[in-house]
Amino acid sequence: KLKNFLYFRGNLNVAGNLLGDSGIEVVANCLVGKEFLVNVNVSDNKITNDGCIKLMSVLWDCDTLEDFNISGNEIETAGAKSIANALGDK
């Protein structure tokens, strides 16, 4: 159960829920086709490279994204590369 969840008019905030990779995968699956996101905050969720890569594969086509916060997670080089690839042209 998410202790904090906010989704309203292009904003997604699931910060501090300790979702881990399996939880962020559920969130990512819910975002498929929602290309109108403006702000995404998934900070402090114990996300590793695997979860980051899954999330970024969904956000790849999101041209409206202005703010993305993934701080406080366990992301290393592979996850960082997926972020750079997905957001590099935005």
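All heavy atoms count here, side chains included; hydrogens, waters and symmetry mates do not.
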Qualifying residues under side chain to side chain donor-acceptor pair (under 3.5 Å), relative to Asp44, sequence neighbours excluded: none
All side chain to side chain donor-acceptor pair (under 3.5 Å) counterparts of Asn41, not counting sequence neighbours: Ser43
Closest contact, heavy atoms only, Leu55 versus Ala28: CA-CB, 4.1 Å
Closest approach of Phe36 to Thr64 (non-hydrogen atoms, all atoms of both residues): C-OG1, 3.0 Å
Those residues that, when tested against Ala80, pass side chain to side chain contact (heavy atoms under 4.5 Å, CB included) (two or more places apart): none
Co-membership, hydrophobic cluster, residues Val32 and Leu12, 4.5 Å side-chain: yes
Trp60 and Asn85, any side-chain heavy atoms less than 4.5 Å apart: yes
Side chain to side chain donor-acceptor pair (under 3.5 Å) against Thr48, all qualifying residues, sequence neighbours excluded: Asp21
Chi angles and distances behind the side-chain contact (heavy atoms from CB on, under 4.5 Å) call for Met56, Ile53: CA-CA 5 Å; Met56 298 320 296; Ile53 291 167; 6.0 Å; no
Donor-acceptor under 3.5 Å (Asn45 side chain, Ile47 main chain): no
Where Asp67 and Leu65 come nearest, the two heavy atoms and their spacing: O-CD1, 3.6 Å
Pairs flagged by side chain to side chain donor-acceptor pair (under 3.5 Å) wherever residues 71-83 is involved - sequence neighbours left out: Asn69-Ser71
Connected via hydrophobic side-chain network under 4.5 Å: Ile70 and Leu18: no
Asn39: partners by side chain to side chain donor-acceptor pair (under 3.5 Å), with sequence neighbours left out: Asn11
Nearest-0.5 Å distance that lies between atom CD1 in Ile75 and atom CG in Asp50: 10.5 Å
